[in-house]
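This structure is a prediction, so every number in the text was calculated from the model and none was measured.
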Amino acid sequence: MLVKEYRICMPLTTEEYRIGQLYTISKHSHQESDRGEGVEVMENREHHDPVHGYGQYTEKRVHLSSKLPSWARAVVPRMFYICEKAWNYYPYTVTEYTCSFLPKFSIHIETRYSDDCGDNDSIFQPDNAEDAHEVSFIDIAYDEIPERYYKSVEDLRHFMSSRTGRGPLQEGWRHNVRPVMCSYKLVNVKFEVWGLQTRVEQFVHKVIRDLLLVGHRQAFAWVDEWYGMTMVEVREYEKETQAATNEKIGPVAPTITISAEGHSPAIRSAPATPVTGEPPEFLSLPKERTRKTSAPDTLTLPELRDRANGPSSHSPPSNTDS
């Protein structure tokens, strides 16, 4: 299990970001979906939690077989999905991702939104010293972005909003720009497979960091499209876009599911929500690309590759959990 905290600042208020986030997720999901693959919305309804009050519960299936790296395509079924379940009690949310093919894999994300520049070091209070975690700031304007995600119209070093007059963002902008808010995300990645756990968890965190960077860049780059919308209007846009996205994906072939899961969608008293073993949209694995030297160049699984290529002369390692 590998836990990291990400802090992403935006030149918005938390109430503005609430609208922009819903709009951006819906638009991005529709853009990234295609026949047989993409984000399929299973449920989107109001939900009440005894601790956090009224909010929104959503359940999605992210079909992405063709976007897997080659090593994964060799060993997983042709059709599988990532299951995303989210409980939105804005400004507090909990999101869980599980995989239909890997019951020992899960991602748990706890998010808090605050009108500050990311300087709140106690927003996630650890239960004890052993729960301390790494904190990573993501700069939506100046952090390096994977080449395949880059669009000049979304380059916030040069973008200026015609409706709000905000931008372009200069270096160190989060300390000087007003308004400013921060999305604090506590991300827990769990992959309990002996011999692969550390490497896979580190790889997934790199993917998540890239996607958080891209998603938040788009939320501000598209501000002129959603600024001024009411919650009623953005929910209607969300509903219409989800229907269009489901139609775009079309019927999805039956999927192999390893782990059984209960049908109750009730949240389990977050932030103590456990990570269960049953995402982008949010876990869209990238194609091969150049990484910084701190990242593993490739994620190789020799024993799985050999198994896919035929019988091998050596026995696979024990599957005992680490």
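The aromatic ring centroids of Tyr54 and His47 lie 6.0 Å or more from each other. The aromatic ring centroids of Tyr184 and Tyr113 lie 6.0 Å or more from each other.
Ion pair Glu236/Lys239 not flagged as a salt bridge, since none of the NZ, NE, NH1 or NH2 atoms sits closer than 4.0 Å to an Asp/Glu carboxylate oxygen. Here Glu192 pairs with Lys190 in a salt bridge; the nearest charged N to carboxylate O distance falls below 4.0 Å. For the pair Asp139 and Arg174, the salt-bridge criterion is not met [side-chain N within less than 4.0 Å of a carboxylate O].
Side chains of Gln218 and His28: a donor on one and an acceptor on the other come within 3.5 Å. Counting only N and O atoms by type, the side chains of Thr93 and Asn88 include no donor and acceptor under 3.5 Å apart. Lys185 and Thr111 are linked by a side-chain donor-acceptor pair at a separation below 3.5 angstrom, with hydrogens and angles left out of the test. Glu171 and Tyr142 share no side-chain donor-acceptor pair at under 3.5 Å. Between the side chains of Asn120 and Ser114, no donor-acceptor pair of N or O atoms lies under 3.5 Å.
The side-chain heavy atoms of Val189 and Met1, taken from C-beta on, include no pair separated by under 4.5 Å. Within the 4.5 Å cutoff, the side chain of Tyr149 has no heavy atoms near those of the Glu154 side chain. Looking only at side-chain heavy atoms (C-beta outward), Trp173 and Ile140 come within less than 4.5 Å of each other. Looking only at side-chain heavy atoms (C-beta outward), Pro91 and Thr14 stay at 4.5 Å or farther from each other. Here the side chains of Val41 and Thr58 are not in contact, with every heavy-atom distance at 4.5 Å or above. Between Thr95 and Lys85 the shortest side-chain heavy-atom distance does not fall below 4.5 Å. Inter-residue side-chain proximity for Asp143 and Arg209 is flagged as met; some heavy-atom pair is nearer than 4.5 Å. In this structure the side chain of Val3 never reaches within 4.5 angstrom of the side chain of Val187, judged on heavy atoms.
The minimum heavy-atom distance linking Gly167 with Met160 is given by the pair O-CG, 3.5 Å. Annotation for Asn246 and Val39: closest pair OD1-O, 3.9 Å, computed over non-hydrogen atoms. Closest approach of His108 and Val94 over heavy atoms only: NE2-CG1, 3.7 Å. Here the closest non-hydrogen pair linking Leu12 and Met181 is O-CG, 3.0 Å. Closest of all the heavy-atom pairs between Thr245 and Ser29 is CG2-O, 4.1 Å. Looking at every heavy atom in both residues, Val177 comes nearest to Pro179 through CG1-O, 3.8 Å.
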> Phe159 and Phe220: ring pair (Phe, Tyr, Trp, His ring centres under 6.0 Å), yes or no, with the steps?
Replying inline: CA-CA 9 Å; Phe159 169 79; Phe220 185 58; 5.5 Å; yes
>> For a side-chain contact (heavy atoms from CB on, under 4.5 Å) check, start with the C-alpha distance between Ile107 and Asn188, then their side-chain angles and the critical distance, and finish with the verdict.
In response: CA-CA 6 Å; Ile107 301 171; Asn188 184 327; over 6 Å; no
>> side-chain contact (heavy atoms from CB on, under 4.5 Å) for Tyr6 and His205? Distances and angles first, verdict last.
In response: CA-CA 10 Å; Tyr6 298 97; His205 266 287; 2.8 Å; yes
> His30 and Thr241: side-chain hydrogen bond (donor to acceptor under 3.5 Å, both in side chains), yes or no, with the steps?
Replying inline: CA-CA 7 Å; His30 185 71; Thr241 306; over 6 Å; no
>> The test is side-chain contact (heavy atoms from CB on, under 4.5 Å); show your working for Val204 and Phe191 and say whether it passes.
In response: CA-CA 10 Å; Val204 172; Phe191 186 67; over 6 Å; no
>> Pair Met42, Glu40 - check side-chain contact (heavy atoms from CB on, under 4.5 Å), show working.
In response: CA-CA 6 Å; Met42 309 301 294; Glu40 180 185 14; 3.7 Å; yes
> Can you list the steps and then say if Asp155 with Tyr150 is a side-chain hydrogen bond (donor to acceptor under 3.5 Å, both in side chains)?
Replying inline: CA-CA 8 Å; Asp155 192 329; Tyr150 179 81; 2.8 Å; yes
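For the pair Arg61 (side chain) and Cys83 (backbone), a donor-acceptor distance under 3.5 Å is absent. The main-chain N or O of Ser162 is found under 3.5 Å from a side-chain atom of Asp224 such that the two form a donor-acceptor pair. In this structure a side-chain-to-backbone donor-acceptor pair under 3.5 Å is present from Asn176 to Gly172. Not a single donor-acceptor pair under 3.5 Å links the side chain of His133 to the backbone N or O of Leu186. Side-chain atoms of Arg112 never come within 3.5 Å of backbone atoms of Ser183 as a donor-acceptor pair (strictly under, hydrogens ignored). A donor-acceptor contact shorter than 3.5 Å links the side chain of Arg163 to the backbone of Tyr227. Although no hydrogens or angles enter the test, the distance criterion places no donor-acceptor pair under 3.5 Å between the side chain of Arg7 and the main chain of Phe137. With hydrogens and angles disregarded, a donor-acceptor distance shorter than 3.5 Å links the side chain of Glu16 to the backbone of Thr13.
Ring geometry for Tyr57 against Trp87 counts as tilted: the plane angle lies between 30° and 60°, on a 0 to 90° scale. Ring planes of His216 and Tyr17: parallel class, angle under 30° (limits at 30 and 60°).
Among residues two or more places apart in sequence or in another chain, the side chain to side chain contact (heavy atoms under 4.5 Å, CB included) test is passed with Arg18 by Glu15, Tyr90, Met231.
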